[in-house]
Student: 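Sharing a structure, written as structure tokens. Questions coming.
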Amino acid sequence: MHRPGAKSILANTLYLSSAKAITSLARMVYVVLLAKILGADLYGLFNYGLSWYLVFIPLSAWGLDSIIVRGIGRDRDQASLLAGQTLALRSISCLSIALLSCLVGFYIEPDSISRLLILIFSIALIGRSLSLWSNAVFVAHESSGYVLTQEVVFRLLEVLAGVAALLSGFGVIELALIHAASWVLQGVAGQILIRRHLLSVSLNFEVPALYGLIKDGFPFVLSAFLIAWLMQGPVILYRQILGVGAELGQLVLALQALYIITAIVSEMPGPALPV
């Protein structure tokens, strides 16, 4: 959906901010229920796994989302070509970084439950990385309504399935599986929506083009990684230095409000890029 100038920015900012606001509200309820039912120890362990893979997300994204939004906004005629090149690179990066996440996690983690959580969340990394690529294509086409729809549907489904699992007596492993499944499904749904409603996309593995994307994405990935580490690093460092305990759960709970606020605000500049 293409609107002129300021109207497009306003409409798509509203879509993206609404998506984050609704999902953040659902997340707040989910956080309270997780902390209450799991207890501080298991809640801390679950969020350690979340923080672990969220640190790796910028590496899998490699700054391509900003390149997509900027590139398609400049030249719509090249949208299919750029989408195919970035999806090819995203496919390589998300699979390789998911493998790296597992290998590093298995190397430094002696605990079997923590290892299993890292494995499951590394699968979530693949789905989330593909979903972020889809969201970038939606934003680039000034069609952020698709982002709103997907975020609301899949995050609410995750919350409802997670609450049902908690009330049925399941634990952190099952919650992690639900989280991973929701992101993988969203990643697949995003690909389908793009092909049905926006443009045809075919993987393009031309080496010179991929090399150029890697070079262009490096400044973005460096800054995004440092921001992710600033947000998630305290949880990972606490786990590695002091282990899992009630204090880790309390630390995570204290950080949740900051995560939720920044998630909503961070969506505001995005719709201006393609315009």
Student: Would you check, one step at a time, whether the test side chain to side chain contact (heavy atoms under 4.5 Å, CB included) holds for I97 with I57?
Tutor: CA-CA 8 Å; I97 295 302; I57 284 288; over 6 Å; no

Student: Side-chain heavy atoms under 4.5 angstrom apart, residues restricted to Ile, Leu, Val, Met, Phe, Trp, Tyr: same cluster for L117 and Y30?
Tutor: yes

Student: Strictly by ring-ring contact (aromatic ring centres under 6.0 Å, His included), give each pair with a member in residues 192-212 just once, sequence neighbours left out.
Tutor: Y146-H197

Student: Running the 4.5 Å side-chain criterion over Ile, Leu, Val, Met, Phe, Trp and Tyr, what cluster does L99 land in, apart from itself?
Tutor: L103

Student: Could you work out, with salt bridge (Lys or Arg N to Asp or Glu O under 4.0 Å) as the rule, every residue matching R90, not counting sequence neighbours?
Tutor: D65

Student: Using side chain to side chain contact (heavy atoms under 4.5 Å, CB included), reason through L167 and I37 one step at a time and then give a plain yes or no.
Tutor: CA-CA 8 Å; L167 296 177; I37 297 174; 4.2 Å; yes

Student: A quick test of your reading: do over 12 heavy atoms of other residues, nucleotides or ligands sit less than 6.0 Å from CZ of F106?
Tutor: yes

Student: Quick one: do W133 and I194 satisfy side chain to side chain contact (heavy atoms under 4.5 Å, CB included)? Show the steps, please.
Tutor: CA-CA 11 Å; W133 178 89; I194 287 170; 3.5 Å; yes

Student: Taking all heavy atoms of A180 and all of A124, pick out the closest pair and write down the distance.
Tutor: CA-CB, 3.6 Å

Student: Determine, using the 4.5 Å side-chain heavy-atom cutoff (strictly less than), whether I126 and V221 are members of one ILVMFWY cluster.
Tutor: yes

Student: How far apart are the C-alpha atoms of S131 and W183, what are their side-chain angles, what is the distance that settles it, and do they pass the side-chain hydrogen bond (donor to acceptor under 3.5 Å, both in side chains) test?
Tutor: CA-CA 7 Å; S131 178; W183 279 110; over 6 Å; no

Student: Hydrophobic cluster membership, with links at side-chain heavy-atom distances under 4.5 Å among I/L/V/M/F/W/Y: are I67 and L199 in one?
Tutor: yes

Student: Begin with the C-alpha distance, continue with both residues' side-chain angles, and end with the deciding distance and a verdict on side chain to side chain contact (heavy atoms under 4.5 Å, CB included) for F138 and L198.
Tutor: CA-CA 8 Å; F138 293 140; L198 294 181; 3.5 Å; yes

Student: To the nearest 0.5 Å, tell me how far S93 OG sits from L64 CG.
Tutor: 6.0 Å

Student: Which pair of heavy atoms, one from V69 and one from A140, lies closest together, and at what distance?
Tutor: CA-CB, 3.7 Å

Student: The criterion is ring pair (Phe, Tyr, Trp, His ring centres under 6.0 Å); which residues satisfy it with F46, sequence neighbours excluded?
Tutor: F121

Student: Indicate if L160 and L34 have the same hydrophobic cluster label, given that clusters are the connected sets of ILVMFWY residues with side-chain heavy-atom separations under 4.5 angstrom.
Tutor: no

Student: If you group Ile, Leu, Val, Met, Phe, Trp and Tyr by side-chain heavy-atom gaps below 4.5 Å, do I123 and V104 land in one group?
Tutor: no

Student: Let me know which of V201, L87, V137 forms a side chain to side chain contact (heavy atoms under 4.5 Å, CB included) with Q191.
Tutor: L87

Student: Using the ring-ring contact (aromatic ring centres under 6.0 Å, His included) rule, collect all pairs that involve residues 149-170, keeping only residues at least two apart or in two chains.
Tutor: none

Student: Give me each pair satisfying side chain to side chain donor-acceptor pair (under 3.5 Å) with a member in residues 148-177, each pair once, sequence neighbours excluded.
Tutor: E151-Q186, R155-E158, R155-S182, R155-Q186, E158-H179, E158-S182

